[in-house]
Amino acid sequence: MPDGSSHDWRSARRQFLKMGGVAGAAALAGCSSETPSEGGDGGTSTTDGSSGGGSGDDSLTIQGRYIPTNMQWNSYAPSHYATVGGRVVFDPFIFYNQKTDEIIPYLFQDWEFDGATLTVSLREGETWHDGEPVTAEDFVTKFTIDQGFGYEISNYVEEATAVDETTLEYALHEEYREKTIMTVFNGTWMDTPTHRKYGEFAEAFRNASTEEERETVQGDVQNYQPSEPLGCGPFEHESANQQTLTLTKYEDHPDADNVAFPTYEVNYFASSQQKWADMKNGTSLDVMNGFTPQRIVKSFPDYVRQYEVPRYNGFGLAFNHDDEDFGNRNVRRAVAHAIDQQKMADLADPVKHAVSVPAGVGSFVTGTWKENLGGDVEAYEPYNDTAKAEALLKAEGYTKQGGQWYKPNGEQFTMEIPTPSGWSDIASFTTTVAQMLSDFGIDTTKRGVENTTFFGQYWGPSNFKVAPWFWNNSGKTKPFFTLSWILTSGTVTSTLNYPEKPEAPAFGSPDGEASPVDIQQKLSTLATTGDQQEVTDLTRELAWVVNQNLPMLPLIEKVRPSFWDTREWDIPPADTDKKFVNWCNYYWPRFGYVTPTN
């Protein structure tokens, strides 16, 4: 739970991370060690964009990160899951528009609360690609396996029950606000057909009575890696070779009439440079997602349309709270004052925005962070004053001699920031941070290490003083979830050793005496209250704890860019609100927002 009962979930989650290990973390960072493939069917290359281009056929083509023949179709397995294709082969429970705050029904067509029970009416006419109906029992199976892995949903839902074939009941741990519980379901996909092994796995989890037995079942689930999916989405598996995963429209899908093209292709690219060149030259890609440097964006032809959506996440500095220096709140605050987040953003691409006030909420791209804090944000510390940094360190017994800071025990205050060498933009940011801290008098060096070294020697064992990390890995945008993550997630409490009751001064008095704050109770109330004023007040209070205690130091907020070739596709304008639903390449086709120009 996001409140005081979160311990069991974190234990299960740690076990999962141990099993998934480095592979899962590397996937999070968007890294791949696969070698390029040969051959392929990239289509006809053009350089002036005057004719042809894109996939050049009736296919909507997007880039993929894995060689299609090496993909597997079990989302619980730690590596090589066919994520990109899976988003059209399977269907989501719901969609969510982060700008309009609209829950968009999908597999969940309707729902209502009755006390602590969420009753869901499922979409009619939904079938697996073998013709069997998608039933409420499939959702029970999905929940049982998620619960067995300690996934987030089990923090909120105690039990799932099939009332009949198309009606489902979730017994909730508490009487959450509707938006809270429905946001939890956002990002969940129906990818576990009961009659394809998953029913057996669910039954095995039900029969597991010890932690050891549950771990055995987890291993069995992860070892199941089918090379072809049995889906329920608008596209079904056709073929896969070394270059291309080909998916064809499933004519019995309820949205088949909205889907205006017969084929969806995922083309493998071994590097970002290759996909950038493909998009620039109009070779094969219709859609390209992911970070792209501005020098590359500027080289794209005019027919390439760009969409940008705030990430509510980005680069931050993670503190080890067991460290002799960074276990001290005022030392963390001093370091925050010594780093100029606006200068960091200015040195980066325009798609990076400064987190001008670290408080555990976004977005600093659209300004919604102020709205979520009730509009009055003057009380929060912006952290851009080196004079305050010096005063904070001196108050804790640190001294400055010859331009260098020394600890209370007389040792020079130095530190090394371990950074995965393959994370190019993060490595660049860390270099800037190290230089700013060195200029301030804390001798700081960046230590570039391999991914395996970073996760094996530093991040997992908490063998570091500070390290680069992402300040909202909840995958969600609403303040309750971002604050829950930065204050109580397993990453923060286990890897960063953050206390259950951090200390903070009274709201609006940053120099006052700090005392422990029951953040679990405040988060629990925030998740359940129906009083909007109380929602705002609690959000402000918890943001204040983040701002004054600094579990991490958020520095940069990213945007999520997407690029489309418009020569062959009619799509919404760049400023459309429809772009705020994850992601347009699998959301738009289902609702008819993508149609061929001819």
Heavy-atom pair with the smallest gap, counting every atom of Gly456 and Pro461: O-CG, 3.3 Å
Go through the steps for Tyr312 and Trp485 under the test ring pair (Phe, Tyr, Trp, His ring centres under 6.0 Å), then give the verdict. CA-CA 12 Å; Tyr312 291 74; Trp485 192 89; over 10 Å; no
Test item: Val492 and Leu487 side chains (from C-beta on) under 4.5 Å apart, heavy atoms: no
Closest heavy-atom pair and its distance - Ala136, Leu168: O-CD1, 3.6 Å
On the 0 to 90° scale, with breaks at 30° and 60°, tag the Trp423-Phe455 ring pair as parallel, tilted or perpendicular. tilted
Main-chain N/O of Trp128 paired with Tyr250 side-chain donor or acceptor, under 3.5 Å: yes
For the side chain of Asn207 and the backbone of Ala204, is there at least one donor-acceptor N/O pair under 3.5 Å apart? no
Evaluate the ring planes of Phe480 and Tyr156, with Trp represented by its six-membered ring, and classify them as parallel (under 30°), tilted (30 to 60°) or perpendicular (over 60°). perpendicular
Could you check if a side-chain atom of Gln147 sits within less than 4.5 angstrom of a side-chain atom of Phe205, using non-hydrogen atoms only? no
With a sphere of 6.0 Å drawn around NZ of Lys522, does it hold more than 12 non-hydrogen atoms of other residues, nucleotides or ligands? no
Keeping the roles fixed (side chain from Ser421, backbone from Val449), state whether a donor-acceptor pair exists under 3.5 Å. yes
For the residue pair Tyr151 and Phe149, categorise the inter-ring angle as parallel (less than 30°), tilted (30 to 60°) or perpendicular (more than 60°). tilted
Compare every heavy atom of Asn585 with every heavy atom of Asn289, then report the nearest pair and how far apart it is. ND2-OD1, 3.0 Å
Is Val535 close to Lys179 at the side-chain level, that is, under 4.5 Å between some pair of heavy atoms? no
Once rounded to the nearest 0.5 Å, what's the spacing between atom CD1 of Ile145 and atom CD of Gln218? 11.5 Å
For Glu557 and Trp471, what are the C-alpha separation, side-chain angles and deciding distance, and is it a side-chain contact (heavy atoms from CB on, under 4.5 Å)? CA-CA 9 Å; Glu557 182 177 344; Trp471 54 267; 4.2 Å; yes
Rounding to 0.5 Å, atoms OG1 (Thr183) and CZ (Phe481) come to a distance of 5.0 Å
To the nearest 0.5 Å, how far apart are CG in Leu122 and CD in Glu165? 9.5 Å
Of Phe93, Phe185, Trp111, Phe139, the one forming a ring-ring contact (aromatic ring centres under 6.0 Å, His included) with Tyr170 is Phe185
Which atoms form the tightest heavy-atom contact between Pro68 and Gln242, and what is the distance? CD-O, 3.4 Å
Counting only N and O atoms by type, is there a donor-acceptor contact under 3.5 Å from the side chain of His321 to the main-chain atoms of Pro551? yes
Answer yes or no: is there an ion pair linking Asp130 with Arg196, defined by an N-O contact shorter than 4.0 Å? no
Evaluation steps, side-chain hydrogen bond (donor to acceptor under 3.5 Å, both in side chains), between Thr529 and Glu534: CA-CA 7 Å; Thr529 181; Glu534 190 173 27; 2.6 Å; yes
Derivation and outcome, salt bridge (Lys or Arg N to Asp or Glu O under 4.0 Å), residues Arg329 and Glu503: CA-CA 8 Å; Arg329 183 175 74 92; Glu503 294 187 344; over 6 Å; no
Closest heavy-atom pair and its distance - Tyr586, Arg87: CD2-CB, 3.3 Å
Option among Asp146, Asn223, Asp191 that satisfies the side chain to side chain donor-acceptor pair (under 3.5 Å) test with Tyr76: Asp146
side-chain contact (heavy atoms from CB on, under 4.5 Å), that's the test. Do Ile62 and Trp583 meet it? Break it down for me. CA-CA 12 Å; Ile62 187 172; Trp583 287 72; over 6 Å; no
Are the side chain of Asn497 and the backbone N or O of Asn320 linked by a donor-acceptor pair below 3.5 Å? no
Test item: Asn267 side-chain N/O and Thr244 main-chain N/O as donor-acceptor pair under 3.5 Å: no
Would a distance-only check, ignoring hydrogens and angles, find a side-chain to backbone donor-acceptor pair under 3.5 Å from Ser474 to Lys476? yes
For the side chain of His173 and the backbone of Ser154, is there at least one donor-acceptor N/O pair under 3.5 Å apart? yes
Stepwise, does the ring pair (Phe, Tyr, Trp, His ring centres under 6.0 Å) test hold for Phe95 with Tyr106? CA-CA 7 Å; Phe95 284 109; Tyr106 207 71; 5.3 Å; yes
What I want to check is whether the side chains of Ser79 and Tyr66 have a donor and an acceptor closer together than 3.5 Å. no
Please round to the nearest 0.5 Å and tell me the distance separating atom CZ of Arg333 and atom CG of Asn547. 8.5 Å
Qualifying residue, where the test is side chain to side chain donor-acceptor pair (under 3.5 Å) with Ser209 and the options are Glu213, Glu212, Glu211: Glu213
Determine, for Lys465 against Asp323, whether the closest basic-nitrogen to carboxylate-oxygen distance falls under 4.0 angstrom. yes
When you look at Val355 and Ile556, which way does the side-chain contact (heavy atoms from CB on, under 4.5 Å) test go after all the steps? CA-CA 5 Å; Val355 178; Ile556 296 292; 5.5 Å; no
So, taking the atom named CG in Leu245 and the one named OH in Tyr268, what distance separates them when rounded to the nearest 0.5 Å? 14.0 Å
Less than 3.5 Å apart, any donor N or O on the side chain of Gln520 or Thr488 sitting next to an acceptor on the other? no
Side chains of Leu538 and Thr525, heavy atoms from C-beta outward: is any pair under 4.5 Å? yes
Kindly indicate whether the side chain of Asp91, heavy atoms from C-beta on, has any atom under 4.5 Å from the side chain of Arg590. yes
Answer yes or no: is there a side-chain heavy-atom contact under 4.5 Å between Phe464 and Phe454? no
Just checking Glu324: does its CD atom have more than 12 heavy atoms from other residues, nucleotides or ligands closer to it than 6.0 angstrom? yes
Test item: side-chain donor near acceptor, Asn74 and Tyr198, under 3.5 Å: yes
Quick check: do Gln72 and Tyr81 have side-chain heavy atoms less than 4.5 Å from each other? yes
Just by distance, do the side chain of Thr495 and the backbone of Gly460 share a donor-acceptor pair under 3.5 Å? no
For Trp189 versus Gly86, what's the shortest heavy-atom pair and its separation? CE3-O, 4.5 Å
Whether the side chain of Thr419 engages the backbone of Ile417 through a donor-acceptor N/O pair (distance < 3.5 Å, no angle test) should be reported. yes
dist Thr528:OG1 -> Tyr176:OH (nearest 0.5 Å) comes out at 8.5 Å
Measuring only between side-chain heavy atoms, which start at C-beta, is Thr192 closer than 4.5 Å to Phe201? no
Check for me whether Lys275 meets the cation-pi criterion with Phe269, that is, NZ or CZ under 6.0 Å from the six-membered ring centre and within 45 degrees of the ring axis. no
Does the pair Val157 and Val184 meet the rule for a side-chain contact (heavy atoms from CB on, under 4.5 Å), with working shown? CA-CA 10 Å; Val157 175; Val184 172; over 6 Å; no
Regarding Asn549 and Arg332, is there a side-chain donor-to-acceptor distance under 3.5 Å anywhere? yes
